[in-house]
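What follows is a set of notes on a single structure, which appears directly below.
All figures in this text were calculated on a predicted structure; none of them were measured in a lab. Within every chain, numbering begins at 1; the chains are lettered A, B, ... in the order of the sequence lines, protein sequences first and strands thereafter.
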Amino acid sequence: MAWTNTEIARQLGEIAELLRLDDADAYRVRAYERAAGAVGAASEDLGQLSKSELTDVHGIGSSTADKIIEFQQHGEIGLLAELRARVSPGLVAMTRVPGLGPKLARRLHDELGLDSLDDLAAALDDGRVASLDGMGEKSAAKLAHALERIGAKDTDRTPVADVLDFVAELCRRLGDLEAVERVDIAGSLRRLRETVGDVDVLVATDDPAAVSASLRDDAELVAEVLAEGDTKLSIITRGPGVQVDVRLVPADSWGAALLYFTGSKAHTVRIRERAVRRGLTVNEYGIDERESGKRVAGTTEEEAYAALALPWIPPTMREDTGEIEAADEGTLPRVVEEADLQGDLHAHSDVSGDGKASLETMVKAAAERGLRWWAVTDHAENLTMNGATRDELLARRERLGPLGDKYGITLLDGLELNIDAQGGVDYDDDFLATFDWCVASIHSMLDRDSAQQTERICQAMTNPHVHTIGHPTGRQIGRRPGYELDWERVFETAVATGTALEINGSARRLDIAGDIVRRAIDAGITLTIGSDAHSVGDLDNLRWAVKTAQRGWATVGDVLNCRDLDGVRGFVRAKREDGPGG
DNA sequence: GCCGTTTTCGGCCCGACTGTTTTCAGTCG
């Protein structure tokens, strides 16, 4: 079988990491990092390509192409095997400590014989690290502290769901300060990566010292100050205990700073290289002519991109996965935006047990958000403890018309069905046929293997009354991985049966993820967006679902929620009439 | 190791913060 791009990218990434520790030429390291990124972003299976096809991919040259072919043929890359033999795993582990990079790790290993995090802790404790040339008590104390911090966590990244509320409050407080003109989230949180390493917050101000001092002294938000300078304050927060870097810039640098600090790193590097080719230089303060130093852009992001002859690129697409090339060629898709949504296709009321708000409260909130239609998809009866009975659902049905009229929104009579071990769902076809909209999801037997979960989902899709599959992989970010579905089979079955796949907007789920969204679109799948709201506040999840859709380059045409009521009903009808048994 | 609107060779993105080395290297994003 062919190796996946993900695995090839991992191999190349590990080569880069080990080369860096082996003190290799920095540009050679970077070349492997870039190649790994290019492989990870490729939409076709690189394991199948010839050498000349491989070198056609930007970032892959002759040498890397040989490595990929070597891996495909032998399941191993000789260079990586050599590096693994030469660079000890303990050395790699030590570089996981924030503030401890490859140079210092190498010295600790060579000069002090340290070869694990335990060795490092001991050497910090007895003063050997502090006594190294160029080190001192303060450096050692910082490392000891950083080591303690990573020791308490099993990963150095935090799920977005754990930081969103806290960061919103932090931004609100910053925004209330006299000296603050603008405040916004940048970094991976703006791009909505599913986990964040640290949080970047951008502040426009004429008085950075005042802003920095105000936040630094806010004991409710700040557990610890890591660094404080004229343009940056780094803190560890209370609450989620995450690092937040607050960048302080003048208002006329806002756009350049937003571009710079939103990243991704790969995207901004490409941007700066493009600038150099055009005789410009880009930093967080602006875009300047290289020769004269004359400022040509910087106040807004649109202006900054325009100075590089590019349209504005949505933050969610800035991963260097082809967006710069597409923008350059004028083929960047206009991705779906929250304002394009006409409705929500997955949400709950307290008719099913885990809903936290009444049907009327939810309907009112949905209408106030400007949605034209809203599908209430309470849990069906097989969900132990929480499912609604047939009678409860029939009673709910009677209320939908009047409530819709009262609040000026059309309500779709919906269900969230439970996919059982064999791919069946809660109710018979006759009863299901009386509903407007059905999501079907796996809520039980989450430990089944990949083949079984794929089979359950594909079987459920053959039901003419199952319109979309809810949170398809079942993942909960930071808690449990999703099942490894056989995507090719899932896509084929979805197309054959006219079934959609959901992008679930719960920040804990973001399921399916952006990279799968992109593959699904290529396969011709229709996507649905679901807030999976169990409370009024959860309706905000639509925003996260939309951002996830953008990460997969989804357009209005790919997302069922962007259609009017007739469009949704047409999709439902097409499935019932054309699907197996329809 | 990769790449080409100066180049098939010789470059390759930019700046802040920290600690400590009185002029800068390492790390980070």
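Counting non-hydrogen atoms under 4.0 angstrom, A:G101 reaches the backbone sugars and phosphates but no base. Nucleic acid contact class of A:K265 (heavy atoms, under 4.0 Å, all strands): base. A:T64 comes within contact range of the sugar-phosphate backbone alone, with a heavy-atom separation under 4.0 Å but no base atom that close. Using a 4.0 Å heavy-atom distance criterion, A:I271 is classed as making no nucleic acid contact. Residue-level contact check: A:V29 touches neither bases nor backbone, having no heavy atom under 4.0 Å from any strand. Counting non-hydrogen atoms under 4.0 angstrom, A:R30 reaches a base of the nucleic acid. A:G187 comes within 4.0 angstrom of nothing in the nucleic acid, heavy atoms only. If you check every strand for non-hydrogen atoms under 4.0 Å, A:E33 touches nothing. Using a 4.0 Å heavy-atom cutoff across all strands shown, A:R290 reaches sugar-phosphate atoms only and no base atom.
Remark: P of B:dG10 and CG of A:D25 are 15 Å apart, rounded to the nearest angstrom. Between A:R247 atom CZ and B:dA16 atom P the separation is 10 Å, expressed in whole Å. Atoms CZ (A:R277) and P (B:dC3) sit 12 Å apart, rounded to a whole Å. Whole-Å rounding puts the A:R274 CZ to B:dT5 P distance at 12 Å. One atom, CG of A:L132, and another, P of B:dG26, lie 13 Å apart when rounded to the nearest Å. For the pair A:L259 CG and B:dG15 P, the interatomic distance rounds to 14 Å; values are reported in whole Å. The separation between A:K232 atom NZ and B:dT27 atom C1' is 9 Å, rounded to whole Å. The distance from atom CG of A:L19 to atom P of B:dC2 is 12 Å, rounded to the nearest whole Å.
With centres under 5.5 Å and a plane angle under 30° as the test, the ring of A:Y27 is not stacked against the base of B:dC2.
Where A:T268 and A:Y32 each meet DNA chain B at their nearest nucleotide, the meeting point lying more 5' is that of A:Y32. Looking at which nucleotide of DNA chain B each of A:G229 and A:M135 is closest to, the 5′-most match is held by A:G229.
Between A:P472 and the options A:I516, A:N504, A:D511, A:I503, a side-chain contact (heavy atoms from CB on, under 4.5 Å) holds for only A:D511.
Between B:dT6 and B:dC2, the distance separating the two P atoms is 23 Å to the nearest Å. One P atom belongs to B:dG11, the other to B:dC17, and the distance between them is 31 Å to the nearest Å. Annotation: B:dT8 and B:dG1 have their C1' atoms spaced 15 Å apart (nearest Å). Distance noted for atom C1' between B:dC14 and B:dC9: 25 Å (whole Å). Comparing B:dT20 with B:dC13, their C1' atoms are spaced 27 Å from each other, to the whole Å. The separation of B:dT18 from B:dT23, taken at their C1' atoms, amounts to 15 Å, rounded to a whole angstrom. Comparing the C1' positions of B:dT7 and B:dC12 gives a spacing of 12 Å, expressed to the nearest Å.
Listed nucleotides B:dT27, B:dG1, B:dC14 differ in distance to A:S63; the shortest reach to its side chain belongs to B:dG1. When distances run from any side-chain atom of A:T281 to the nucleotides B:dG1, B:dC14, B:dG29, the shortest one goes to B:dC14. Listed nucleotides: B:dG29, B:dC13, B:dC14. Nearest to the side chain of A:D245: B:dG29. For A:R28, taking side-chain heavy atoms from C-beta onward, the closest of the listed nucleotides B:dG1, B:dG15, B:dG4 is B:dG1.
Put simply, the side chain of A:Y260 and the base of B:dG15 share no donor and acceptor less than 3.5 Å apart.
Using modelled atom types, no side-chain atom of A:T64 and backbone atom of A:I60 make a donor-acceptor pair closer than 3.5 Å. Without hydrogens or angle criteria, A:T195 side chain to A:P159 main chain gives no donor-acceptor distance under 3.5 Å.
Pairing each heavy atom of A:L280 with each of A:E289, the nearest pair is CD2-CA, 3.9 Å. A:R96 and A:L117 get closest at one heavy-atom pair: NH1-CD1, 4.2 Å. Nearest heavy-atom pair across A:F261 and A:A186 is O-CB, 3.7 Å.
Under the Watson-Crick or G-U wobble criterion, with both distances below 3.5 Å, B:dT8 is left unpaired in every strand shown.
At a threshold of 4.5 Å between non-hydrogen side-chain atoms, the residues A:I8 and A:F71 count as touching. Contact check for A:I235 versus A:E224: no side-chain heavy atoms found under the 4.5 Å cut-off.
Contact annotation: A:S139 reaches the phosphate of B:dT20 (side-chain N/O to OP1 or OP2, under 4.0 Å).
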